[in-house]
Amino acid sequence: MAIKKPNKLPQTAVLKQILRRCSSLGKRSSQGYEEQGGGAFPLDVPKGHFVVYVGENRTRYIVPISFLTRPEFQILLQQAEEEFGFDHDMGLTIPCEEVVFQSLTSTLR
């Protein structure tokens, strides 16, 4: 039986961390990326959205930041934290099948 590691940060702090890493709020560079916090983010991510990678093939999805407050999406975030952690240079990886993710996100819009 696996021992669940307790969250060190309150949920709001975790959400702020995700937003800082995944949102498109930064200075635009001439190379098609935004410079932010020592990292670069693609310009195709509209303001108010972030990137997640889903499924076995790590298909890229751009989702609204408003999803972060939805309980259904927070369950996915908890699963992602348990499996992968949140210390990524790229977008967040969600450990579920694409069809399940698409079904869930279609109900959240």
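- There is no path of hydrophobic side-chain contacts, each under 4.5 Å, that joins Leu92 to Ile75.
- Minimum interatomic distance between Ser106 and Ser103 (heavy atoms only, all atoms of both residues): OG-O, 2.8 Å.
- Distance check: Arg58 CZ to Glu98 CD gives 10.5 Å after rounding to the nearest 0.5 Å.
- A heavy-atom distance below 4.5 Å is found between the side chains of Ile62 and Asp44.
- Put simply, CD1 on Ile65 and NZ on Lys47 are 9.5 Å apart, with the number rounded to the nearest 0.5 Å.
- Annotation: side chain of Phe67 is in contact with side chain of Thr105 (closest heavy-atom distance under 4.5 Å).
- For residues 62-77, the salt bridge (Lys or Arg N to Asp or Glu O under 4.0 Å) pairs, not counting sequence neighbours, are Arg70-Glu72.
- Rounded to the nearest 0.5 angstrom, Leu76 CG and Thr93 OG1 are separated by 12.5 Å.
- Val45 is listed as a side-chain neighbour of Arg60, based on a closest heavy-atom distance under 4.5 Å.
- In this structure, CD1 in Ile94 is found 9.5 Å from CG in Leu104, a value given to the nearest 0.5 Å.
- Side-chain N or O atoms of Gln79 include none that pairs as donor or acceptor with a backbone N or O of Cys96 at under 3.5 Å.
- Between Tyr61 and Phe101, the ring planes are tilted. Angles from 30° to 60° get that label.
- Under the side chain to side chain contact (heavy atoms under 4.5 Å, CB included) criterion, Ser66 pairs with Pro64, not counting sequence neighbours.
- When side chains are defined from C-beta on, Thr59 does not count as touching Tyr53, because their heavy atoms never get closer than 4.5 Å.
- Here Val99 is tied into one hydrophobic group with Val100, each link being a pair of ILVMFWY side chains closer than 4.5 Å.
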